[in-house]
A.B. asks: 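I'd like to ask you about the structure that follows.
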Amino acid sequence: MARARTSYVCQNCGAVTQRWQGKCDSCGEWNTIIEEAAALGVGAGSPRKGSAGRAFPLEDLSGVHAEEPRLLSGIDELDRATGGGFVPGSATLIGGEPGIGKSTLLIQACAALARRGGRVVYISGEESTNQVRMRAARLGLSDAPVQLAAQTAVEDIVATLGSGDRPRFVVIDSIQTLWSDAIESSPGTVSQVRGSAQALVRFAKASGSAVVLVGHVTKDGQIAGPRVVEHMVDAVFSFEGDGSHAFRILRATKNRFGATDEIGVFEMTGAGLAQVENPSALFLAGRESGSPGAAVFAGMEGARPILVEIQALVAPSTLGTPRRAVVGWDSSRLAAVLAVLEAHGGLKLGAHDVYLNVAGGLRIGEPAADLAAAAALTSSLVGVALPSDAVYFGEIALSGAVRPVAHANNRAKEAAKLGFKRFVGPKMPDGESPSLQPSTVGHVSQLVAEIAASAVDKPANRAKR
Ligand code: TYD
Ligand code: MG
């Protein structure tokens, strides 16, 4: 007699193995493999017997396509991040750490969209309707015609959404709490999450509703368990921020209907998420000029220039292996910049602890931050403050050369808007005239020499350079 089919599924990446093992071969995580009933997916059922397949007509690219208008919430930062609003008939996944503000953002989005007309449904699997109501009341959204439910059974949810008017916008908070009768494993397992997501994605496509799924992420930033869901939906956003800071960034990591280089910036306030129209001012707030080790980096977040302070502390080490700690930037990038400063800038950092911090809790991924980091590190080592009216950007090559970076003009423009007078960076491309006075550096040795020279001049002279 055939045994009931089970398989072993990694709860992190969804890989399937035939027997239990402690470590997943596919993603390398430990203790993530559990036994589940064999997944019912494409190919899992019995093959269609005796059917040779039916031929279907193929179409041209140039055929007519009806385009429904996107759903604009009127919350500019949200509309910007989604690339001009949610698309009818699309499925979107919004991931973020617990407590970061996903539910808050989405109830605000629901209320804004509901006020513009159409049926808007918010289904919570985590909170009771009362809790959702209380939050909405605190946010002043009680009067918005949002339909609420606390439900986790996916068949019931799809049936409810399918009855009555077609919903324009549906939020499911969160996908990890849903379960389906048709799947024989417990809620929260990969099979359940995948099955539930599949049902909701199918509903979105069939009905033309925009469906948003909330997903929790693990601490290393992956959508917990169902990475598989990322492949099923049309757009994936992550809602990021540092719990100890108030600002939050909504960032697209995948978007079939728009660019992934736009971000939305919010601030968590007592009255929910507020839009931040000028993020640079937020990140530079509380900056103390005149202390060594701080450089203002003119960065880009997607298509948007953002100024942020990079802070460094270089201090003599008492340890055999000095510490290198970095918050908000890539540690291997820091190692490379330190090596270049030693090899080409003549700095001796081997016996120093190095700490690097991006202020405000922002995470920077751009190599353009190299020059600002190098300036902050040098400034801390030499013990002299950098000029307070200068911003820094530029990529540093392993040879020590300072390389041009994209969007130099936008960066300079943003800095000028915030009252900066000059930028220290690579030569501007020909034909571009920056909005700031340029101090061109071609090589890290030049940067180090200039900073060191200002240490030799007395502090009174510093302001002039
Ligand atoms: P929440 O949206 O519940 O997070 P998630 O759904 O991502 O888990 O947000 C929870 C946090 O937000 C909570 O720590 C309190 C804070 N918060 C505010 O500061 N102001 C507010 O108006 C609201 C609603 C929440
Ligand atoms: Mg929540």
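For ligands, and for the atoms within them, numbers begin at 1 and follow the listed sequence. All values below were derived from every heavy atom in this structure, side-chain atoms included, with hydrogens, water molecules and symmetry-related copies excluded.
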A.B. asks: Starting from the C-alpha separation in whole Å, work towards a yes-or-no answer on side-chain hydrogen bond (donor to acceptor under 3.5 Å, both in side chains) for Glu126 and Ser124.
C.D. replies: CA-CA 5 Å; Glu126 305 197 327; Ser124 177; over 6 Å; no
A.B. asks: Using a 4.0 Å heavy-atom cut-off, say whether Lys102 meets ligand 1 through its side chain, its backbone, both or neither.
C.D. replies: both
A.B. asks: Any chance the side chains of Glu414 and Ser280 put a donor and an acceptor closer than 3.5 Å?
C.D. replies: yes
A.B. asks: Can you tell me if Ser103 has an N, O or S atom under 2.8 Å away from the Mg ion (ligand 2)?
C.D. replies: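 It does: Ser103 brings an N, O or S atom closer than 2.8 Å to the Mg ion (ligand 2).
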A.B. asks: Taking 4.0 angstrom as the limit and counting only heavy atoms of Thr269, give me the atoms of ligand 1 inside it, by number and element.
C.D. replies: 18 (C), 19 (O), 20 (N), 21 (C), 22 (O)
A.B. asks: I need the atoms of ligand 1 closer than 4.0 Å to a non-hydrogen atom of Pro98, numbered in the order shown.
C.D. replies: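 That gives atoms 8 (O) of ligand 1.
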A.B. asks: Looking only at non-hydrogen atoms, which of Ala136, Ser103, Ala246 approaches atom 6 (O) of ligand 1 most closely?
C.D. replies: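 Heavy atom nearest to atom 6 (O) of ligand 1 belongs to Ser103.
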A.B. asks: So does Arg323 pair up with Asp353, basic N to acidic O under 4.0 Å?
C.D. replies: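 No, no charged N to carboxylate O under 4.0 Å.
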A.B. asks: Heavy atoms only: which of Arg135, Met268, Gln108 lies closest to atom 18 (C) of ligand 1?
C.D. replies: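 It is Met268 whose heavy atom sits nearest to atom 18 (C) of ligand 1.
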A.B. asks: Distance under 4.0 Å to a non-hydrogen atom of Gly272: what atoms of ligand 1 satisfy this?
C.D. replies: 21 (C), 22 (O)
A.B. asks: Would you mind checking which non-hydrogen protein atom is closest to atom 23 (C) of ligand 1, with the distance to 0.1 Å?
C.D. replies: Arg138 NH1, 3.8 Å
A.B. asks: Any atoms of ligand 1 less than 4.0 Å from a non-hydrogen atom of Ile100? List them with their elements.
C.D. replies: 4 (O), 7 (O)
A.B. asks: How far is atom 8 (O) of ligand 1 from its nearest protein heavy atom, and which residue and atom is that?
C.D. replies: Gly99 N, 2.7 Å
A.B. asks: Do Ser180 and Glu155 pair up side chain to side chain, a donor and an acceptor below 3.5 Å, judged on atom types alone?
C.D. replies: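 Yes, Glu155 and Ser180 have a side-chain donor paired with an acceptor closer than 3.5 Å.
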A.B. asks: Among protein heavy atoms, which sits nearest to atom 4 (O) of ligand 1, and what does the distance come to when rounded to 0.1 Å?
C.D. replies: Gly101 N, 3.1 Å
A.B. asks: Return the residue, atom name and 0.1 Å-rounded distance of the protein heavy atom closest to atom 2 (O) of ligand 1.
C.D. replies: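 Nearest neighbour among protein heavy atoms for atom 2 (O) of ligand 1, to 0.1 Å: Thr104 OG1, 2.6 Å.
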